[in-house]
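Structure first, commentary second.
Labels below follow one simple rule: chain letters A, B, ... track the order of the sequence lines, proteins then strands, and each chain is numbered from 1. As the structure is a computational prediction, the values presented were derived from the model and not from experiment.
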2 protein chains.
Amino acid sequence: MKECGNACDLKTCFLCKLCLPEWLPALAVQKRNFEVKKGELIFKEGDAVNGIYFVHKGSFKVHKSWDKDKELIIRFARSADIIGHMGLGKRLLYPVSATALEPSVVCYLEIAFFEATLKVNTELAYQLIRFLANELDDSHRSMRDLAHMSVKARIAQAFISLHQQFGIDEQGFIDVEISRQDISSFAGTTYETLFKVLNEFAKQSILTLTGRKIFIADHLKLQEIVNNDH
Amino acid sequence: MKECGNACDLKTCFLCKLCLPEWLPALAVQKRNFEVKKGELIFKEGDAVNGIYFVHKGSFKVHKSWDKDKELIIRFARSADIIGHMGLGKRLLYPVSATALEPSVVCYLEIAFFEATLKVNTELAYQLIRFLANELDDSHRSMRDLAHMSVKARIAQAFISLHQQFGIDEQGFIDVEISRQDISSFAGTTYETLFKVLNEFAKQSILTLTGRKIFIADHLKLQEIVNNDH
DNA sequence: CGGATATTTGACCCTGCTCAACTGGCGTGG
DNA sequence: CCACGCCAGTTGAGCAGGGTCAAATATCCG
């Protein structure tokens, strides 16, 4: 992670958009920008909390590990998303890790400065509350899915979520490059099981995964697989 | 749910404690108090969001259903806890239900008034952010546990969580009355499986469950069961 | 070209869910 | 007072979803 010049224009990220004009100069002084290489961690589980990050360019996975070679991907983050907001709680150590999926750029603020900003900027605090409430809702939904849905339905749901979050590119592929390992960790299953389900989906012309690009051929059938699990 | 007089003294609940003195008169006017019978819902999944609740007395389960006769208990709430904060997100319908575990009393505020309070009271907004960040952390931990822990370890963890949240009474029992059905829904397993594990725990003198009261005989062994699962 | 790493597949087996039977109160009506 | 049904609590048998392991194949890279 290498510090770099000011790539963020102070208007596109979640934070900057909500800042009062008079606050922007202070922000410009405090804010630091970092280039992150693909696969690099910006922080990992157990690191001391020092600040909060805003994705300016690129994408990240936020994950919790288990057993050294097992992990669960909690969520993905892309341009304009926040990472490291868990540091706002009473916990002094990050409970999750954040890893770049591609070369990325992040803005960084020390937690003390960010908290000072929150106490001054009511609108920012209010929007952060809304954001956290939505995150919590998503997280609860994932809990229920992990507890009650079949692996096949969870995998289908994982692809639907990826599609919603990243959208599609000109060729119709989901606009993200992601390893199978990561997809299985996101769906809460194993690499091998993902495979078998993926073959099934391909055979039924629902979805294909070539290289690291995902193409959803039949959104309806995919949704049906999720629904039929009830 | 029956409206009742002002039981809350405006000082004990999460909200009131953080309110500025000059705001308390307005709060006293807006606030409504309700008695809730055991087993009664204060809202259910799919209801339109109208307000936010603070538990004044009693305890609640917050749960998400699946399949009519299956549910997952997301969390419990007791005196001074918030319920219904999910309504602060962009969602217009509650994504969970809240059911009283015992006769309880709640304070209620319309969401619009609460939001107005948030925008005026920076300290309240800040504390709410901290609260939500902690909830999110707990929720992520639960996701990982549901994905990777064995049922036995999850059940052990469920009892540890109950102990932490409710504490113990004079006789050493966990200070809450809870059905086996609810315990299994909290641990993310079935009624029958909970039984078999419970027998095992009793045989090993780790924990007994008589009626609706839980007694943890060996905290260390219980924690070991959770740890050994890694 | 050879070793290391990723992909793909098959065989096996264990956890834990399902279902159904059994128990033991408890209320009700004959 | 007993017989009956009913319900919650309890236990056991069976089975399948999906995780584990290992082998076979492909791909990468120095």
Side-chain angles (χ1 to χ4, degrees), chain A residues 38-39 65-73 99 101 143-158 177-204 207-214 225-226 228-230, chain B residues 38-39 65-73 101 143-159 177-204 207-214 225-226 228-230:
Chain A
K38 178 174 172 171
S65 73
W66 181 259
D67 240 12
K68 169 168 75 35
D69 53 347
K70 268 184 203 169
E71 63 173 19
L72 181 72
I73 293 180
T99 305
L101 294 177
M143 280 175 65
R144 187 205 50 192
D145 291 352
L146 285 165
H148 290 304
M149 267 174 37
S150 72
V151 165
K152 190 158 88 165
R154 284 212 304 275
I155 291 175
Q157 180 60 59
E177 300 223 338
I178 184 170
S179 72
R180 282 145 208 253
Q181 190 58 261
D182 281 347
I183 296 171
S184 63
S185 295
F186 184 44
T189 184
T190 56
Y191 191 74
E192 291 93 330
T193 301
L194 174 74
F195 240 100
K196 291 158 194 177
V197 174
L198 232 39
N199 282 342
E200 216 179 304
F201 285 174
K203 212 166 292 170
Q204 298 178 249
L207 180 147
T208 53
L209 176 41
T210 44
R212 303 180 136 235
K213 297 300 278 182
I214 303 159
I225 288 169
V226 174
N228 286 346
D229 218 55
H230 285 242
Chain B
K38 178 174 172 170
S65 72
W66 181 260
D67 239 14
K68 169 169 72 40
D69 53 349
K70 270 185 202 168
E71 63 173 20
L72 181 73
I73 293 180
L101 294 177
M143 279 173 66
R144 188 205 49 193
D145 293 351
L146 284 165
H148 290 305
M149 269 175 34
S150 71
V151 165
K152 189 158 89 167
R154 283 212 305 276
I155 290 174
Q157 181 60 58
F159 284 116
E177 300 224 338
I178 183 171
S179 72
R180 283 145 208 255
Q181 190 57 261
D182 280 347
I183 296 171
S184 64
S185 296
F186 184 44
T189 184
T190 56
Y191 189 76
E192 292 94 330
T193 301
L194 175 74
F195 238 98
K196 290 157 195 179
V197 174
L198 234 37
N199 283 342
E200 218 179 302
F201 285 173
K203 213 168 290 171
Q204 297 177 250
L207 181 148
T208 52
L209 176 42
T210 43
R212 304 181 136 235
K213 296 302 276 183
I214 303 160
I225 288 170
V226 174
N228 285 344
D229 218 52
H230 285 242

Nearest heavy-atom neighbours spanning [X] and [Y]:
X	Y	answer
A:D182	A:I73	O-CD1, 3.3 Å
B:A147	A:L72	CB-CD1, 4.0 Å
A:R212	A:S179	NH2-CB, 3.5 Å

Under 4.0 Å from OP1 or OP2 of [N]: is there any side-chain N or O of [X] that close?
X	N	answer
B:R180	D:dT10	yes
A:K70	D:dT20	yes
B:T190	C:dG16	no

For [X] and [N], what is the distance between atoms [atom1] and [atom2] respectively, to the nearest whole Å?
X	N	atom1	atom2	result
B:L194	C:dT18	CG	C1'	16 Å
B:L198	D:dA8	CG	P	19 Å
B:L209	D:dA8	CG	P	17 Å
B:L146	D:dG19	CG	P	14 Å
B:I178	D:dG9	CD1	P	13 Å
B:E200	C:dG16	CD	P	11 Å
B:Q181	D:dG9	CD	P	9 Å
A:I225	D:dG17	CD1	P	15 Å

Nearest to the side chain of [X], which nucleotide is it out of [options]?
X	options	value
B:Y191	C:dT8, D:dT11, D:dG9	D:dG9
A:S150	D:dG18, C:dC17, D:dG19	D:dG18
B:N199	D:dT11, C:dG16, D:dG19	D:dT11
A:K196	C:dA11, D:dT11, C:dT7	C:dA11
A:F195	D:dG19, C:dC17, C:dT9	C:dT9

Looking for any heavy atom pair under 4.0 Å, which part of the strands does A:E192 touch: base, sugar-phosphate only, or nothing?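 Base contact.
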A:R154 side chain to A:T189 main-chain N or O, any donor-acceptor pair under 3.5 Å?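 No; zero donor-acceptor contacts below 3.5 Å.
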Tell me whether the rings of B:F159 and B:F201 are parallel (<30°), tilted (30 to 60°) or perpendicular (>60°).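 Taking B:F201 first and then B:F159, their aromatic rings stand perpendicular (interplane angle over 60°).
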